[in-house]
Engineer: 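Before I ask anything, let me first share the structure, which is written out below as structure tokens.
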Amino acid sequence: MKNSELANTAIETRNLSYSPYSKFKVGAALLCKDGKVFKGANIENSSYPLCMCAERNALYNAMMNGYKKEDFVALAIAADTDEPCSPCGACRQVISELFPRDGEIILANLKGDLKETNIDELLPFAFSGDDLK
Ligand code: THU
């Protein structure tokens with residue numbers, strides 16, 4: 001699957017967003033080696049800290065279906081932003097644990113702008129489980 005197709009799936013997945021407070025719809029699409037694509041959208045709550053981001057929901061959705069880090073190939077994230085939508089710090093930390101270092105991360109917006117990156121670029125000097133040993 002092309003990166004632009006995965007980005008389009010992330011854009012479509014914004015329709016599943018529950019974001020009555022921010023009104024900022026984010027969609028994510030996670031491509032696996034077998035071709036399966038798991039979706040995620042942001043789900044908000046009136047108790048604001050309980051909001052869950054789109055990209056974390058996509059990763060957790062895949063894991064709840066038996067898929068794991070080694071199965072993931074690419075992750076697209078999309079929102080209506082001027083520049084391709086960049087993941088928040090909390091999501092970068094989660095991606096660094098659950099998504100492979102050589103996996104492609106595709107940032108997108110509704111204008112069709114794409115930025116292709118990876119977790120080492122997004123979160124250099126990451127804290128990891130190795131630090132707890
Ligand atoms: N949001 C995401 O879904 N992903 C990000 O990486 C940035 C922020 C959501 C959380 C909240 O529902 C809304 O965008 C505004 O912050």
Side-chain angles (χ1 to χ4, degrees):
M1 179 182 258
K2 286 197 224 149
N3 286 350
S4 57
E5 287 175 68
L6 195 66
N8 283 337
T9 302
I11 289 170
E12 281 168 30
T13 305
R14 291 174 68 249
N15 292 324
L16 299 174
S17 168
Y18 174 74
S19 42
Y21 306 105
S22 72
K23 305 201 170 17
F24 185 73
K25 294 173 188 280
V26 186
L30 175 62
L31 176 66
C32 299
K33 282 181 184 156
D34 66 1
K36 178 115 179 104
V37 175
F38 288 96
K39 299 173 181 180
N42 54 327
I43 307 288
E44 298 187 343
N45 193 277
S46 52
S47 177
Y48 294 168
L50 302 183
C51 295
M52 180 53 67
C53 291
E55 48 275 61
R56 273 182 281 163
N57 273 334
L59 283 162
Y60 298 157
N61 181 14
M63 293 187 74
M64 289 305 99
N65 282 278
Y67 287 70
K68 53 188 180 308
K69 188 172 192 168
E70 295 72 33
D71 301 316
F72 304 148
V73 175
L75 173 65
I77 305 160
D80 188 6
T81 41
D82 285 343
E83 300 295 323
C85 182
S86 198
C88 77
C91 285
R92 291 176 197 218
Q93 181 66 28
V94 170
I95 291 167
S96 78
E97 178 133 352
L98 302 181
F99 187 73
R101 285 181 75 179
D102 61 356
E104 191 142 36
I105 300 176
I106 302 136
L107 313 182
N109 62 17
L110 304 191
K111 297 184 284 182
D113 300 325
L114 295 184
K115 179 165 177 58
E116 286 148 7
T117 184
N118 57 58
I119 193 58
D120 280 343
E121 278 186 355
L122 290 171
L123 189 65
F125 306 105
F127 181 79
S128 80
D130 291 341
D131 295 309
L132 297 174
K133 287 178 186 153

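Whatever order the structure lists them in is the order used to number ligands and atoms, beginning at 1. Keep in mind it's a predicted model, so treat the numbers as computed, not measured.
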Engineer: By side-chain contact (heavy atoms from CB on, under 4.5 Å), which residues pair with Glu5, not counting sequence neighbours?
Structural biologist: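 By the side-chain contact (heavy atoms from CB on, under 4.5 Å) rule, Glu5 matches Met1, Lys2.
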Engineer: Please walk me through it: do Thr81 and Asn109 pass side chain to side chain donor-acceptor pair (under 3.5 Å)?
Structural biologist: CA-CA 6 Å; Thr81 41; Asn109 62 17; 5.0 Å; no
Engineer: Can you tell whether the side chains of Asp120 and Arg101 come within less than 4.0 Å, N to carboxylate O?
Structural biologist: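 The answer is yes: the pair qualifies as a salt bridge.
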Engineer: Look only at the side chain of Lys111 and the backbone of Asp82, and say whether a donor-acceptor pair between them is shorter than 3.5 Å.
Structural biologist: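 A pair under 3.5 Å: yes.
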Engineer: Check the hydrophobic clustering (I, L, V, M, F, W, Y; side-chain heavy atoms under 4.5 Å; chains of links allowed) and say if Tyr67 and Phe99 are grouped together.
Structural biologist: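 Yes.
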Engineer: If you count only heavy atoms, which residues are under 4.0 Å from ligand 1?
Structural biologist: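 Near ligand 1, by chain and number: Ser22, Phe24, Val26, Asn42, Glu44, Cys53, Ala54, Glu55, Pro87, Cys88.
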Engineer: A cation-pi test, strictly: NZ or CZ of Lys69 under 6.0 Å from the centre of the six-membered ring of Phe72 and no more than 45 degrees from its axis. Yes or no?
Structural biologist: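 Negative - Lys69 is either too far from the ring of Phe72 or too far off its axis.
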